[in-house]
Amino acid sequence: MIFPIVRTAVVALRRDRVSLVLSFVVPIAFFSIFAVIFGGQHDSVSKIKVIVVDQDQSRASQKLVQGLVSDGSLIVSTKPAPTKDQPAPTNYTAVSAETAVKAGDVSVALIVPHGFGDHPFSFGGKSTTETGPSIELLNDASDMIAPQMVGGLLQKAAMTAMPEAMAEQGMKYTDQYIGGFTAEQRKLMQANLDRLREIESKQGKGANPASSALGGGLIAVHNRSVVGENKKNPMVSFYAAAIGVMFLLFTASGSAGALLDEAESGALDRVLSSRISMTGLLAGKLVFNILLAFTQLTVMFLWAWSIFKLDFFSHIPGFIVMGLCTAFAVAAFGMLLASICHTRAQLGALSTLAILVMSAIGGSMFPRFLMPEAMQKAGLWTINAWAIDGFTKVFWRDLPVSALWPQVAVLLAIGIVLFLIARRIARRWEYA
Amino acid sequence: MNASLTSDRLAAAGVLPLKVDSLVKRFGQVLGVDGISLKLRSGECFGLLGPNGAGKSTLIRAIAGRVIPDAGRIEVFGAAAGSATARAALGWVPQDLALYPRLTATENLRAFGSYYGLSGKNLDDAVAWSLDWAALQDRAGALTRNLSGGMKRRLNMAAGLIHQPRLVLMDEPTVGVDPQSRNRIFEMIEALRAKGMTIIYTTHYMEEAERLCDRIAIVDHGRIIALDTKDALVHAAFASRSQVLARLEGPEAQVNAWVTEHGGRLVEGTAQFTIEHPNEIAGLLDGATAAGLELVDLSLRRPNLESVFLQLTGRELRD
């Protein structure tokens, strides 16, 4: 008696394409995406982009830079990529490197200061009068991983790329502190060891290495956040945009699905037999969905402001620009999905699949800067990535509205193209 | 309502409310409409009577501009179907409940009124007239999805007429409603007729066509197989003859033999015969007795549109 029930259920499932997609395609798609992000697939480990400014230009500093360049975990730039306007760009300066970090072009910049080559090693974080100036590590506070990795790789580079400098300075220190190993010298050595132990002990009791000097290594590094150092709640703006855009997509596709209800009930036929044309109808739906999405975003950000202290009211112009462009792209995306599908059930399955995939690779679930480079590039095909980048520029980097033009241009282009495709597909509703 | 005056002026100018010429529409291999031609007179109620799938709704949708014909031409008050002029002159009551279920009755009427370009006082007046015409004033603020089936049907009709069209297309407006609501709908249509609106009414209920329509086209397999007034159609098919309906009990083979011998046909267990004079009934009954059949029920009736359809197609209207 059980077998006929199982057989009936199997036949019913086989003919329910929506359930099949939700049962098999969505989990596989998600598994694959997160496996790529977190699974550390070969040749796809995320490399960190670093700008290096060598102000010293000494033999030691050049060796250090070479060591960093040859490290497979870093993409080191000393000058911007050539463009049509600037076919032969000059090297980064401390100022232009800081600007690049603020703009989000790279996560970290290293400034090797003048005089570094005279005393490249700190041997445990002595004062600059004794060891020379520290390397400055400029970072974006939203990326907590990159500065730590670059700091470690910097020490590694010092160990592997600067043996001469290390030996030279070692001898210098030996001569300076130890000399001929007399009783006096031994006493001095012991005093220095004690001092190192004392520093180590202090660092172990709550000193924050990321906030100032990465003093425990061979090279003294001063870590400075150039973006977000004054933010009260650094990741709130990111998640307000990231989660907001994902749910905007769901709302837009659901709202655009009203078109399918109207087609099914015959209301669409009746509307199209009046003075309303299909273009007028779709445009009306688009405007409604834009307003709905923008309102949804506004509520989201106001909530973030009231509860999580997001600095909303200082960024109104940028929010309006990004909000409207995002709402337009999202609304057009919803219209496209609705025009492709024939039933609400189809729309539910397709939108779930498309939106979750877009959100996963577009950075709504996991910051894109932590993803492998290939995934970061793939994310550029999603609305989420461009919207999140734009909102990050506004709320995190405090960039002016004019700096939003790439995101605005792409989102508007996405919206226009998707709407035109939706209009083309909607011809099936126009006439039989 | 100025439909009558406008239609009269156009009629005087020789412009017909509707002219369909050799219309053909295919859906893949299926011929939905097969060369239909017809002309409507101003102010008449024109019935399209036929079974489900005969092509009535396709013809209506083509007139409404929602189906592009493969061949032929449709003119609505002289304008091509689907043109802005034609759409403004037409009111379409589709077979489906083409309404917004989450809107109230008033909101639905206002929405469709605005789609036809009404605004301000014109829209207010049109909504008030529609609610009154459909007897929905008491439920004006009720959500459409909460209305009864009959009320939804009436609202569906009102939404199609909100802009006071000169030609109304009604595609089976009484489908799925109870007899009481059906009578209310008939009264609404008769009110429109009294105002001089030209109406096309599709149905597969011959009683509705008989009650409401001046002329009736019988449609089958995408073609008009007869077109005239009800009386003329019956007369053309039966002249002065009547129909005898008899139910008998007995072996099936003998019943069939008896029906065939007397030139009748069996429809759902009832034998049907056409006779010129009532005294022919005696001959039929004698034959039945001789065949060993027992008479259960016998009736004599004037042929109706269903009889005409059966006569012309060999099938029942409900098939």
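- Your options are B:Val93, B:Asp96, B:Thr58, and the one with the most heavy-atom pairs under 4.5 Å with chain A is B:Asp96.
- Options B:Tyr116, B:Tyr100, B:Trp92 differ in how many heavy-atom pairs under 4.5 Å they form with chain A, and the most are formed by B:Tyr116.
- Judged purely by atom type and a 3.5 angstrom limit, B:Arg193 has no side-chain atom pairing as donor or acceptor with the backbone of B:Gly43.
- Comparing B:Pro94, B:Ala84, B:Gly82, B:Ala88 by how many heavy-atom pairs each has under 4.5 Å with chain A, the most go to B:Pro94.
- The candidate from A:Leu281, A:Leu268, A:Ile276 with the greatest count of non-hydrogen atom pairs under 4.5 Å with chain B is A:Ile276.
- Across A:Ala258, A:Ala267, A:Gly266, the residue that shares the most heavy-atom pairs under 4.5 angstrom with chain B is A:Ala267.
- Looking at B:Leu99, the atoms closer than 4.5 Å to chain A (heavy atoms on both sides) sit in the backbone and in the side chain alike.
- Of the listed residues (A:Phe294, A:Phe395, A:Tyr239, A:Phe313), just one forms a ring-ring contact (aromatic ring centres under 6.0 Å, His included) with A:Phe301, and that residue is A:Phe395.
- Contacts of B:Phe112 with chain A are made by side-chain atoms alone, with heavy-atom separations under 4.5 Å and no backbone atom involved.
- Residue A:Leu297 holds its CG atom at 4.5 Å from CG of A:Leu248, rounded to the nearest 0.5 Å.
- Proximity to chain A (any heavy atom under 4.5 Å) is shown, for B:Ala111, by neither the backbone nor the side chain.
- A donor-acceptor contact under 3.5 angstrom links the side chains of A:Arg423 and A:Thr279, judged on distance only.
- We find the CD1-CG distance between B:Ile162 and B:Leu109 to be 4.5 Å, quoted to the nearest 0.5 Å.
- Note that NZ of B:Lys152 and CG of B:Asn156 are 11.0 Å apart. Values are rounded to the nearest 0.5 Å.
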